[in-house]
Protein chains: 2
Amino acid sequence: MKVLVVDDEPQIRRALRTSLEAHDYEVVTVGTGEEGVVGVADLAPDLLLLDLGLPDVDGTEVIRRVRAFSEVPIIVLSVREAQTDKVAALDAGADDYVTKPFAMEELLARARAALRRAQPDEPTQPILRFGSLEIDLARRLVTREGEAVHLTPTEYALLEALVTNPGKLLTHQWLLRRVWGQGYGTETTYLRTYVRMLRKKLGDDASSPALIITEPGVGYRWVAEPAG
Amino acid sequence: MKVLVVDDEPQIRRALRTSLEAHDYEVVTVGTGEEGVVGVADLAPDLLLLDLGLPDVDGTEVIRRVRAFSEVPIIVLSVREAQTDKVAALDAGADDYVTKPFAMEELLARARAALRRAQPDEPTQPILRFGSLEIDLARRLVTREGEAVHLTPTEYALLEALVTNPGKLLTHQWLLRRVWGQGYGTETTYLRTYVRMLRKKLGDDASSPALIITEPGVGYRWVAEPAG
DNA sequence: GATCGGCGTGAAGAAGGCGTGAAGACCGCG
DNA sequence: CGCGGTCTTCACGCCTTCTTCACGCCGATC
């Protein structure tokens with residue numbers, strides 16, 4: 001999650017950066033409204049934290065200009081407690097308004113709330129289609145010609161490893177480590193067994209594979225692209 | 001625009017009703033959390049104003065229960081200024097948090113902001129049907145062939161977790177954390193016991209399940225779609 | 001054309017997870 | 001203090017899943 005912080009006070013910028021990065025947000029900070037508007041356009045952040053008291057442009061004007069082209073959640077940070085400022089900022093298009101000094105915990109919670117709301121139109125992992133085969137990574141569901149295909153944990157882990165690297169040649173060792181764990185790397189009989197089960201359940205033929213391609217002596221490869 | 005106000009203090013209800021109706025909102029007021037949850041299901045309001053200090057149910061619990069079936073914007077009104085309360089409410093699914101006493105102008109602006117970004121998506125059905133089984137998420141009521149099915153709190157929590165994620169494979173750890181709390185994750189015997197009770201009470205068969213599907217070694221899955 | 005290594009196939013034993021039944025612990029309530 | 005409901009825990013068959021082995025086939029190599 002990328003956050004753009006717009007504030008002219010360096011110590012506030014630093015404090016926000018520290019706290020946000022500690023919670024695994026990617027943080028970019030700028031000091032002027034002009035940079036803020038351009039930053040939203042260039043960086044396409046997931047969240048905008050905006051100080052109202054900027055030296056160059058009025059805060060509500062920044063909100064208006066951002067809203068002209070972006071739906072990014074905006075949380076306003078301001079020392080001004082006056083109702084008119086809050087109303088103006090919110091009506092200009094801000095999503096939330098927090099007065100300084102603020103508790104970092106609360107700001108983070110409000111940021112989570114704002115990001116959560118913005119989620120729905122975020123494209124969740126699409127359903128992959130290969131002919132009549134459908135693989136829903138989010139639901140962990142595989143169907144073939146409409147019928148659910150039951151896969152064991154190991155089978156699914158192997159399928160996931162293959163499907164998430166389409167077209168790429170995956171070596172025996174790489175696959176073994178990914179599916180079975182770091183301690184493995186030479187047990188190619190495991191691979192043969194489970195590749196076989198996968199091909200059987202997915203309706204693939206080893207002699208003329210349409211899904212899992214054997215690369216003799218090296219590894220396996222999933223077909224290039226989701227087709228049909 | 002329809003607004004549901006949940007507050008146990010009559011004078012607050014009256015004040016909110018007056019101000020909101022002056023701004024052309026349609027207002028319904030109730031005094032308890034239970035009525036609030038049911039009201040969201042029955043009235044499908046565009047906005048929920050919720051007091052945290054209700055006599056019957058804890059405020060965050062009301063939020064959680066509403067969020068089980070509705071995406072309606074929720075603005076919390078509360079006398080509690082503690083950060084933990086704010087964080088808990090926001091993380092439970094609230095959209096905004098306003099401390100009493102509040103300025104009506106600000107609340108109206110926050111309401112406008114909440115309504116503006118609300119997704120105009122289809123109202124989620126509060127009553128789910130699976131054959132002769134009916135699950136009313138708002139009233140926490142489960143009926144089977146017209147007969148009420150009594151579920152213990154834990155049983156209902158597990159059912160809710162499953163039903164609100166149809167078709168998705170929910171891992172043992174995910175379910176344990178959701179139903180029993182953060183400290184859990186390995187107690188699969190709990191799951192086995194309660195899944196068994198649920199299947200028994202809902203009339204499902206473990207060997208050929210129509211509702212709760214076992215994914216050996218991974219977790220459980222509720223059937224894909226409400227049918228019948 | 002013979003040898004050899006790697007792969008696909010089939011199958012079987014071992015290990016672990018699941019469903020089941022039940023019993024004890026805990027808790028709120030009268 | 002007793003009681004009913006609920007939660008937690010245990011032991012026991014059964015079945016899925018994992019692991020392992022043997023064999024035949026094919027292409028590569030010499």
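So that the names make sense, note that chain A is the first sequence line, chain B the second, and so on, each numbered from 1.
- DNA chain D lies under 4.0 Å from at least one heavy atom of each of the following residues of residues 172-195 of chain B: Trp180(B), Tyr190(B), Thr193(B), Tyr194(B).
- As a whole-Å value, the separation of Lys201(B) NZ from dG5(D) P is 11 Å.
- Contact between the side-chain N/O atoms of Tyr156(B) and the OP1/OP2 oxygens of dT6(D) is not found at any separation under 4.0 Å.
- Between dG8(C) and Ser207(A), no contact under 4.0 Å exists linking OP1 or OP2 to a side-chain N or O.
- Heavy-atom minimum distance, Glu155(A) versus Thr152(A): OE1-N, 2.9 Å.
- With dC7(D), dT17(D), dG8(C) as the candidates, the nucleotide lying closest to the side chain of Arg199(A) is dG8(C).
- Using bins of under 30°, 30° to 60° and over 60° for the plane-to-plane angle, the ring pair Trp180(B)/Tyr190(B) lands in the tilted bin.
- As rounded to whole Å, 15 Å separates atom P of dT17(D) from atom CZ of Arg196(A).
- Counting non-hydrogen atoms of neighbouring residues, nucleotides and ligands closer than 6.0 angstrom, the NZ atom of Lys200(A) reaches no more than 12 such neighbours.
- The phosphate of dC18(D) (OP1 or OP2) has a side-chain N or O of Thr154(A) nearer than 4.0 angstrom.
- Within 6.0 Å of CD on Glu61(B) lie more than 12 heavy atoms contributed by other residues, nucleotides or ligands.
- Projected onto DNA chain D by closest heavy-atom contact, Leu151(A) and Leu151(B) fall at different nucleotides, the more 5' of which corresponds to Leu151(B).
- We find that CG of Leu158(A) is positioned 15 Å from P of dT17(D), with the value rounded to whole Å.
- Atom NZ of Lys200(B) and atom P of dC18(C) are 21 Å apart (whole Å).
- Ionic pairing of Asp96(A) and Arg110(B) is present here: one or more N-O contacts between side-chain nitrogen and carboxylate oxygen are shorter than 4.0 angstrom.
- Other residues, nucleotides and ligands contribute only 12 or fewer heavy atoms inside 6.0 Å of the NZ atom of Lys168(A).
- Nearest approach of Arg17(A) to Val27(A), heavy atoms of both residues: NH1-O, 3.4 Å.
- Among the nucleotides dT16(D), dC7(C), dG19(C), the one closest to the side chain of Pro216(B) is dT16(D).
- Nucleotide dT20(C) holds its C1' atom 13 Å from the CG atom of Asp205(B), rounded to whole Å.
- Rounded to a whole Å, the CG atom of Leu198(A) is 13 Å from the P atom of dT17(D).
- An OP1 or OP2 oxygen of dT16(D) is reached within less than 4.0 angstrom by no side-chain nitrogen or oxygen of His150(A).
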